[in-house]
Undergrad: 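Quick one: the structure is below, and I'll ask about it shortly.
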2 protein chains.
Amino acid sequence: MQKAPEKFRFAAVAVDVVVFGIRDNELCVLVDTVHRPPHYDNIPGFPGAMVLPEENTDEAAARVLRDKVALQPIHLEQLYTFSEKDRDARNRVVSVAYMGCVRPNQIETYDHASASFVPLRSLKKMAYDHISMLQLAEKRLAGKLEYTTIAQFLLPTHFTLTELQNVYEIVKRTTFDKRNFRKKILALDIIAETGEVQSGVQNRPAALHKFVKSTIQKIEFLG
Amino acid sequence: MQKAPEKFRFAAVAVDVVVFGIRDNELCVLVDTVHRPPHYDNIPGFPGAMVLPEENTDEAAARVLRDKVALQPIHLEQLYTFSEKDRDARNRVVSVAYMGCVRPNQIETYDHASASFVPLRSLKKMAYDHISMLQLAEKRLAGKLEYTTIAQFLLPTHFTLTELQNVYEIVKRTTFDKRNFRKKILALDIIAETGEVQSGVQNRPAALHKFVKSTIQKIEFLG
DNA sequence: GCAAAAGTGTTAGGTATACACCCATGC
DNA sequence: GCATGGGTGTATACCTAACACTTTTGC
């Protein structure tokens, strides 16, 4: 594959990845530390990298997570492309942003020198235009809960109905009636009992459920 | 603004624009003629161009329509970014695809040497990966009808309720009961009577309506 | 037996659906 | 007066929302 003509190659194509996960009943994102004097001095930013000649942007997003922050997200999808001329003060970079999800155990065991999962509310300033990315990603995630089974990627494979309801309540910043939530979600036929129950809890153990399909599905609008 | 380092500038960033409009009760898109031997020999493709140093991709998409096909769409939004390594056989091009809408009078009066509005069903083969873009854009448009007021951009500013219903039926490839459709759409309080009626029709003239807000709004899910 | 979370039904109000006829206009 | 599309109401089924108590377990 040839390079494009020089005059059109003023910009680099990058990917940045917003990875969501839930910890301690809070929505968190994975941020790395950006240190690029003189513009950025140890400020949080999403993991990202330039796209390489031998990969497309999906592959670049997966590589960034694997190689830069040692993480394999359970779900990854394209979010939006950010192309403002001055979004990177050093030179022209067009960034294809991705959104990902990880399960709670991936957060609990996560350990990295510079990157970590932090609650959304703790992020006031971020490098580049990453605050815009975060806002858009959060909206997209909340939206997708309503019409897809994306919630499964923020849960263990086997989970209780209360845990599932918590995902909805945390991401959508609202509360639901327990009985109505269960009726609605069970009527969709997207989850099934595993037959197992919780262990090691001090109260009545809840029945464990799983998503019938392990890939993302469309569901009927779930307020 | 500097250029990015040479090693990351192997790709060019392009935009391609999928413009929808309705003519003769059919959903049409604007296609231009791609003639790039030896790969493409007068095959339809969406208008596109390389992004220039002095613009972002939104601006590039607007410029492409203005300068290449002499069209000012009434609505334009980012669709998806296509980055497969071999999507352009000549060299590496990452394309940020946009979706636009035009009103019927813009189609009726449209006249251009190489570009034209054609019904979707007439497009079997297209240049590059433009068939994928078209499929995604069509799905996005149908989806957005349900939860936004995007339909307004496919209609004259003053329209009849039947015309509005036709937009939904054509794009979603289905039919609705007239009374139920009207009840639902009127209950949303997004459209108002203009006080005018149709003229020059052979039957009872329909009342003309308009969208209360001329920008795209979120609405409650409208099946 | 107490603390903690799990699990479960009913009712009422509102929404969605199915359905058919009369109206206004131009020719 | 006829052809054409415009405009309207009701009854039923379904879905949604509000609401509180009993069960099971570990300690």
Side-chain angles (χ1 to χ4, degrees), chain A residues 22-26 104 145-147 151 155-156 158-170 172-210 218-223, chain B residues 22-26 104 145-147 151 155-156 158-170 172-210 218-223:
Chain A
I22 290 175
R23 182 184 56 201
D24 299 336
N25 283 327
E26 266 201 301
L145 279 183
E146 298 196 350
Y147 65 94
L155 285 169
H158 291 190
F159 53 87
T160 70
L161 294 179
T162 299
E163 286 169 341
L164 176 59
Q165 183 173 345
N166 282 340
V167 170
Y168 276 85
E169 293 186 341
I170 291 163
K172 297 175 72 71
R173 301 178 188 278
T174 182
T175 58
F176 296 99
D177 177 84
K178 182 164 59 162
R179 282 166 292 192
N180 293 338
F181 182 84
R182 286 169 185 227
K183 253 179 295 182
K184 253 186 177 170
I185 208 91
L186 291 172
L188 295 173
D189 285 328
I190 52 171
I191 63 176
E193 293 201 23
T194 63
E196 305 161 60
V197 294
Q198 275 184 319
S199 64
V201 289
Q202 199 160 341
N203 46 40
R204 173 172 173 178
L208 292 174
H209 290 72
K210 62 183 175 190
K218 298 229 163 195
I219 57 180
E220 290 305 304
F221 195 90
L222 187 71
Chain B
I22 291 176
R23 181 184 57 201
D24 298 335
N25 283 327
E26 266 201 300
L145 280 183
E146 299 196 348
Y147 65 94
L155 286 168
H158 291 190
F159 53 88
T160 70
L161 294 179
T162 299
E163 285 169 341
L164 176 59
Q165 184 173 344
N166 281 340
V167 170
Y168 275 85
E169 293 186 340
I170 291 163
K172 297 176 73 72
R173 301 177 189 276
T174 183
T175 58
F176 297 100
D177 176 85
K178 182 164 60 163
R179 282 167 291 193
N180 294 338
F181 182 84
R182 286 169 185 226
K183 254 179 293 182
K184 254 184 177 171
I185 208 91
L186 291 172
L188 295 173
D189 286 328
I190 51 172
I191 63 176
E193 292 199 24
T194 63
E196 304 160 61
V197 294
Q198 274 183 321
S199 63
V201 288
Q202 198 160 341
N203 45 40
R204 172 172 174 179
L208 292 174
H209 290 72
K210 62 183 176 190
K218 298 230 164 195
I219 58 179
E220 289 305 303
F221 194 90
L222 187 71

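Keep in mind that the numbers below use all heavy atoms, side chains included, and drop hydrogens, waters and symmetry copies. All values reported here derive from a predicted model rather than from experimental measurement. Every chain is numbered from 1, with letters handed out A, B, ... down the list of sequences.
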Undergrad: Rounded off to whole Å, could you give me the CG-to-C1' distance for the B:Leu164 and D:dG7 pair?
TA: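 Roughly 15 Å, once rounded to whole Å.
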
Undergrad: Please table the atom pairs, donor to acceptor, closer than 3.5 Å between any side-chain atom in residues 190-197 of chain A and protein atoms at least two apart or in another chain.
TA:
| unit_1 | atom_1 | unit_2 | atom_2 | d |
| --- | --- | --- | --- | --- |
| A:Thr194 | OG1 | A:Glu196 | N | 3.1 |
| A:Thr194 | OG1 | A:Leu208 | O | 2.9 |
| A:Glu196 | OE2 | A:His158 | ND1 | 2.9 |

Undergrad: Using a strict heavy-atom distance below 4.0 Å, which residues from residues 190-197 of chain A are in contact with DNA chain D?
TA: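 Heavy-atom contacts with DNA chain D come from no residue of residues 190-197 of chain A; none.
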
Undergrad: Could you tell me the separation between the CZ atom of A:Phe176 and the P atom of C:dA6, rounded to a whole number of Å?
TA: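 Answer to the nearest Å: 17 Å.
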
Undergrad: Quick one: pull up CG in A:Leu155 and NZ in A:Lys210 and give me the separation to the nearest 0.5 Å.
TA: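 With rounding to 0.5 Å, CG (A:Leu155) is 15.0 Å from NZ (A:Lys210).
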
Undergrad: D:dG5, OP1 or OP2 - any side-chain N/O from B:Thr162 closer than 4.0 Å?
TA: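 It does not, given that no N or O in the side chain of B:Thr162 lies less than 4.0 Å from OP1 or OP2 of D:dG5.
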
Undergrad: Taking side chain as C-beta onward, heavy atoms only, is A:Glu163 less than 4.5 Å from A:His209?
TA: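 SC-SC contact between A:Glu163 and A:His209 ruled out.
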
Undergrad: How does each nucleotide of nucleotides 19-27 of chain D score, in 5' to 3' order, for protein heavy atoms under 4.0 Å: base (B), sugar-phosphate only (S), or none (-)?
TA: BB--BBBSS

Undergrad: Would you mind reading off the distance between B:Leu186 atom CG and C:dT15 atom C1', rounded to a whole angstrom?
TA: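 After rounding, the gap between these two atoms is 16 Å.
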
Undergrad: Just the rounded figure in Å: distance from P of D:dG5 to CG of B:Asn166.
TA: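 Distance, rounded to whole Å: 11 Å.
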
Undergrad: Begin from the C-alpha positions of A:Leu145 and A:Leu222 and carry the test side chain to side chain contact (heavy atoms under 4.5 Å, CB included) through to its verdict.
TA: CA-CA 8 Å; A:Leu145 279 183; A:Leu222 187 71; over 6 Å; no

Undergrad: So, taking the atom named CD1 in B:Ile185 and the one named CD in B:Gln165, what distance separates them when rounded to the nearest 0.5 Å?
TA: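 One finds 9.5 Å between CD1 of B:Ile185 and CD of B:Gln165.
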
Undergrad: Please lay out, stage by stage, how B:Leu161 and B:Phe181 fare under the test side chain to side chain contact (heavy atoms under 4.5 Å, CB included).
TA: CA-CA 9 Å; B:Leu161 294 179; B:Phe181 182 84; 5.8 Å; no

Undergrad: For DNA chain D, whose closest nucleotide is more 5', that of A:Phe221 or that of B:Glu163?
TA: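 Comparing both residues, the 5'-ward one is B:Glu163.
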
Undergrad: Write down the distance between CG (A:Leu208) and P (C:dA5), rounded to a whole number of angstrom.
TA: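 Whole-Å distance recorded here is 17 Å.
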
Undergrad: In this structure, how many angstroms lie between the P atom of C:dG7 and the CZ atom of A:Phe181, rounded?
TA: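 The distance from CZ of A:Phe181 to P of C:dG7 comes to 13 Å, rounded to the nearest Å.
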
Undergrad: What is the separation between atom CD1 on A:Ile185 and atom C1' on D:dT16, rounded to the nearest whole Å?
TA: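 After rounding, the reported distance stands at 15 Å.
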
Undergrad: So, do A:Thr162 and A:Arg182 sit near enough that their side-chain heavy atoms are less than 4.5 Å apart?
TA: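 Of all side-chain heavy-atom pairs linking A:Arg182 with A:Thr162, at least one is under 4.5 Å.
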
Undergrad: Just say parallel, tilted or perpendicular for the rings of B:Phe176 and B:Tyr168, cut-offs at 30° and 60°.
TA: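 Ring orientation of B:Phe176 relative to B:Tyr168: perpendicular.
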
Undergrad: Do A:Pro205 and A:Ser199 have side chains that get closer than 4.5 Å, going by heavy atoms?
TA: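 They are not in contact (no side-chain heavy atoms under 4.5 Å apart), so the answer is no.
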
Undergrad: How close or far is atom C1' of D:dC15 from atom CG of A:Leu222, stated in whole angstroms?
TA: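 For the pair A:Leu222 CG and D:dC15 C1', the rounded distance is 13 Å.
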
Undergrad: Between C:dT15 and B:Lys184, is there an OP1 or OP2 to side-chain N/O distance shorter than 4.0 Å?
TA: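 No, no such contact exists.
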
